[in-house]
Amino acid sequence: MPDTPEQPIVNQVARLARIHLDEQQLKSSGEKLEQILGFVSQLEQIELPKDVIPFFGAIESVNAIRDDQLQTSVPREKILDNAPESDGEFYLVPPVFKPTDS
Amino acid sequence: MTLSALNADVIVDQLNAGDLTATDCVQHFLDRIQTHNADLNAFISVSDTALEQAETIDKRRKAGESLGCLAGLPVAVKDGICVSGQPTTAGSKMLENFSAPYDATIVERLKSAGAIVIGKTNMDEFAMGSSTENSYFGSTTNPWATDRVPGGSSGGSAACVAGRLAPVAIGSDTGGSIRQPASFCGITGLKPTYGRVSRYGLIAFASSLDQIGPMTRTAKESALLMSVIAGFDPRDSTSSKEHVSDALTSLETPLKGIRIGVCRDHLHEGLHWEVKTKINDAISVFKQLGANIEEIELPHSNSAVAAYYIIAPCEASSNLARYDGVRYSFRAQANDLEEMYRNTRGQGFGDEVKQRIILGTYALSSGYYEAYYLKASKVRRLIKQDYDEAFQKVDLILGPTTPTPAFKLGQHTQDPLAMYLADIFTVSANLAGIPAMSVPVEPSSTGLPIGLQLQGRAFEENTLLRAAHQFQNETHWHMTSPAEPWRTQS
Amino acid sequence: MEDSVLNSNSNSQSNNRQTVPFNDAKIIIGLEVHVQLDTDSKLFCGCSTRFGEAANSQTCVVCTGMPGALPVINQRALELSIRTGLSLNCRIARSTKWDRKNYFYPDLPKGYQISQFDQPICGPGHLDIQTTEASGQPRRIRIERAHLEEDAGKSIHDESNDRQSSKIDLNRTGTPLLEIVTYPDIRTAAEAKAFLSELKLILNYIDVSDCNMQQGNLRCDANVNLHIPLRGQQIATPIVEIKNLNSFRAVERSITFEAQRQFEGWQENGVTIADAPKQTRGWNDHTQMTTLQREKEDSADYRYFPDPDLIAVKIEETQIKQIRSQLVQLPAILRELLVKEYNLKPDDAAVIVSQGRGVVDYFLTVADGCENSRVANNWIGQEVLRHLNESNQTIQQYPVSHQQFTELLKLVIAGTLDQTRGKEVLNAMVEHSISSEEAIKQLGIKSVDNSELVTLCETLMDENQNVVEQIRSGNEKAIGMLIGKARKKNPNANPGLVKAMLSKMITG
């Protein structure tokens, strides 16, 4: 099991997860992460049989497939109704890059 | 008997017989919510169309139309399940203003059976928690002791049934979120086999573990709800095509000769002494019912919580990526896109959710996948194999639902591990995908409910319901309600 | 001291680098081609895949990633993927699964893309391409894999408006894409283009995709670097992925540009693959240059893991067999057929085959019907294709049926119609959608008997004494003038016959 993470790693992970954390939150998050990773490190002790296949959850392996058939889409007004910002046609989001100061 | 003391099957009978109108029934529970929700905070929102729906049902009944098997029955639904046109928040600021544009499959099924969704119940944010203290909308309290937690994450559903603000409720269970609050609130809760009930419309926490199930006073009510919500759904790829047979018809089939396994380890380690006593008493009841009690071993069950706390956060970190402030949900002010993402998710999610996203993101990030997610998924296989072997010997596995009765509000909020260990007996069933339920046994000497957990083979919910029902024929713990006005315990 | 040693050393290396000619560098190219599969509905929901509809009018709770919505795989997308795999000689997986590729982008609704990481539906295969190499041997480009995934939506970055926001359209979100990945077996820009042309043709033949590049139905990224021989060693330059190549020309030109740029860069700074990570560059059609793309610091950490909302798909042998049995003949087989059985030149065969299965079938029927594949090729290769090209029609829309076309060619082959009149007849057939018989009637063409021909020639000789003299004195070419005049007097007279008779009567 990898070593428990340092705080800069928490910072990095928070960025990867697109979650802003302030200094205080980073510190407390780092501590909790360390605590939980310490706890789950018990998995390390478990001897796995060589051929064990990971179990990802679904009980059956029967194909779940649908025919290529059109279904009515949700009306645009309804789908955009929950949007924080839209112009009635598009979702609007802040620009990908910061507007330049020029 | 007042209406709120009646079980759902009795209410349905009275509605069918014309002794009760749906309107009166719905009005009664709306009144109780109105009066008592301030104390319990079990509901996040109450339906503004419930009465209207009840009137329609009454009219249709009067006109002699044939109605569904739940026609007129009020049902409370956990707020992590989409009800079209109703607020669906998952207990999060992120979805505070979200109105679901569609019905979850189970809601569709409930509605077509004539049930009336009376309100949406409180929960830990995105179902992450074991106490309902992680809700953006405030904690729910336990009607048996209002200074204690109702359990979680389906704490609102458990508390509203125990407090009789609704006759029955729907919850969801990812690591114990139906059974643990059922145990804490003295009601019956069933987590069905993974794939038995459609997840379509259930706001995902950990997709491979989540299951929707009934939370009721009696096993019979759970059987009634299962007869409506269980079954294949073409919109959920993981839903099972396995035949569903009606649980109600087999409830009275005698238990004589049924083999019940008990894992002795689970009756020792860290177990509250009263929990141990009451579970042992319950074992005696099953013996009297003709069950053979056998010892079994689940050697990997002590790794279940660790495996769970890798798998669930990993899946959650991905499932919750969609809350980005673009198409729905809260959006924070920002100058550019990256800042919008970070602020939205920084401000929109509560601490526990952020913590689990960070854990999951970390465990899936480059170089760690094998050590964490893959390893945990392999351990998960071993846990499943333990059950497969155990179920060669026995038909059911019996044990405590939780190591302790309900703990105090605030008791574990600063200690995630202590909180996580509340799930120690429940997470294994989610990891293995098997059905499990919690049934009330005799409460503690201080009056706190205690739950018995029954686990069964995949797709054998009916065996669980049958055992629970016959246990309830012999006992009355499930039928006791907390005395009003509700009090603190000490 | 050390500095100067290093400098001189680096100078000498630099000098060495300067002496390597560009032509010695080997270009190493691998392609990643995204093909939009021709399904009616999206990969995981029932929304339409149609192009060009009003923004956000083709979405639902599944493809916009609403809370609680779940994906269900489209059967036809699987079939089309298998069909493609079989056509590219790929091994088809017996079990294929779905993985989540996690990254944030506003046109990616769920915050992850459902893709296939370690069990793609199609495993290794290959595609042979024709090259211009002297040997005439086809080149085999190995295919590493082909996997199914969902497309993202469209972000429109509108810099002009005051609020400086981006607009998001999710109509395209969830459209099925098959990503075909080659090994780095391609060696020239022309080969890359040839690979894509052949791939596009195959996809067309097997009805998997219309490959409309303007609509983004076929998109290509190219991984390019150089292997440069230097003092007995191979130096590799850093790999560059060129993104968003949406025309064959862009593929060809960007690779050519990139190879030159990498070579010059290496000559200048000597940076090799060991010194620099893979870089992403975009092709700019206006400047005709590749430019470095801004990258997010974490863009590579996609945190793939199996999608718990979907279960593995088992593909049965019988299903593969069935799809294989329905597979049409591929372009390479048809080219060989046209060369071997119909005696076409390889280039002519390639032209016919490149037009699609419809034209090939038209050709085969006409060639069989008129029993002269050369004539059929000449007429179809020129007249028909020109018409289709000019009118932007498909062969199915061509007004002359293959039966009528065959009848026409029979008349030409029999000499009843000469080339020129034949083409006049064809034009009339195309223009008025009439049979060759009707066209001949309409043009007033009738056969001219021998005595008419003799009279015509005698008249011509009488009226053009000076020309006859020229011919007699050895200027045989002058006969052409008489033939021209013959056509004016009687358009139905066969110029070949007139010429033969005139020469006999004049020089006789």
Side-chain angles (χ1 to χ4, degrees), chain A residues 2 5 8-21 33 40 43 52-102, chain C residues 39-41 44-49 53-61 63-64 66 72-80 95 97 102 104-107 111 153-159 163-171 294 297-298 301 303 305-315:
Chain A
I9 293 183
V10 176
N11 195 9
Q12 199 184 313
V13 173
R15 290 178 78 86
L16 191 54
R18 301 294 188 281
I19 292 176
H20 173 79
L21 297 177
L33 184 60
V40 302
L43 294 179
V52 66
I53 305 160
F55 179 52
F56 294 124
I59 289 210
E60 292 179 347
S61 53
V62 180
N63 292 359
I65 280 169
R66 48 173 268 274
D67 290 338
D68 182 24
Q69 262 165 13
L70 287 183
Q71 273 170 350
T72 320
S73 292
V74 178
R76 182 163 70 190
E77 313 83 73
K78 194 170 177 188
I79 210 91
L80 290 178
D81 193 41
N82 276 299
E85 199 187 344
S86 95
D87 62 2
E89 281 183 87
F90 295 91
Y91 300 92
L92 299 182
V93 295
V96 177
F97 301 112
K98 260 195 192 82
T100 44
D101 301 63
S102 59
Chain C
T39 57
D40 289 336
S41 66
F44 295 113
C45 67
C47 288
S48 169
T49 56
E53 299 295 308
N56 292 304
S57 64
Q58 289 174 171
T59 67
C60 69
V61 297
C63 59
T64 58
M66 284 282 173
V72 184
I73 183 79
N74 182 336
Q75 164 80 45
R76 187 164 163 80
L78 290 174
E79 269 169 28
L80 295 181
S95 175
K97 75 179 207 337
N102 295 284
F104 287 88
Y105 207 72
D107 60 21
K154 220 163 63 184
S155 300
I156 302 153
H157 304 296
D158 189 356
E159 303 288 326
R163 286 172 24 262
Q164 294 226 329
S165 48
S166 298
K167 296 171 161 186
I168 311 296
D169 173 10
L170 299 180
N171 279 353
R294 250 215 260 200
E297 56 204 291
D298 53 28
D301 203 344
R303 291 161 284 136
F305 78 106
D307 190 333
D309 286 333
L310 291 160
I311 56 177
V313 174
K314 306 272 178 229
I315 300 168

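Not measured: the values here are computed from a predicted model.
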Less than 4.5 Å to any heavy atom of chain A: does that hold for the side chain of C:Leu310, its backbone, both, or neither?
neither
Would you please name every residue forming a ring pair (Phe, Tyr, Trp, His ring centres under 6.0 Å) with C:Phe44, sequence neighbours left out?
C:Trp98
Under the side chain to side chain contact (heavy atoms under 4.5 Å, CB included) rule, what do A:Arg66 and C:Asn74 come out as? Steps first, then yes or no, please.
CA-CA 5 Å; A:Arg66 48 173 268 274; C:Asn74 182 336; 3.4 Å; yes
What is the minimum heavy-atom distance between C:Ser166 and A:Pro94, and which atoms define it?
OG-O, 4.2 Å
Heavy atoms, side chains only, cut-off 4.5 Å: are C:Leu170 and A:Tyr91 in contact?
yes
Of all heavy-atom pairs linking C:Asn56 and A:Phe90, the shortest is ND2-CA, 3.5 Å
Provide the closest heavy-atom pair for A:Asp68 versus C:Arg76 in the form atom of the first, atom of the second, distance.
OD2-CD, 3.3 Å
Looking only at C:Ser48, C:Pro308, C:Pro306, C:Ser155, the option with the highest number of non-hydrogen pairs under 4.5 Å against chain A is C:Pro306
With a cut-off of 6.0 Å (strictly less than), are more than 12 heavy atoms of other residues, nucleotides or ligands near NZ of C:Lys154?
no
What pairs of donor and acceptor atoms, side-chain ones from residues 69-80 of chain A against any protein atom, are under 3.5 angstrom apart with sequence neighbours left out?
unit_1, atom_1, unit_2, atom_2, d
A:Arg76, NE, A:Gly88, O, 3.2
A:Arg76, NH1, C:Ala55, O, 2.5
A:Lys78, NZ, B:Pro101, O, 3.3

For a 4.5 angstrom cut-off between non-hydrogen side-chain atoms, does A:Ile65 reach C:Leu78?
yes
Heavy-atom cut-off 4.5 Å, strictly under: side chain, backbone, both or neither for C:Cys63 against chain A?
neither
For residues C:Phe104 and A:Leu16, determine if any side-chain heavy atom of one lies less than 4.5 Å from a side-chain heavy atom of the other.
no
Specify which of C:Thr39, C:Thr59, C:Thr49 makes the most heavy-atom pairs with chain A at under 4.5 Å.
C:Thr59
Any side-chain heavy atom of C:Lys167 sitting closer than 4.5 Å to one from A:Asp87?
yes
Structural part of C:Ala54 lying under 4.5 Å from a heavy atom of chain A:
both
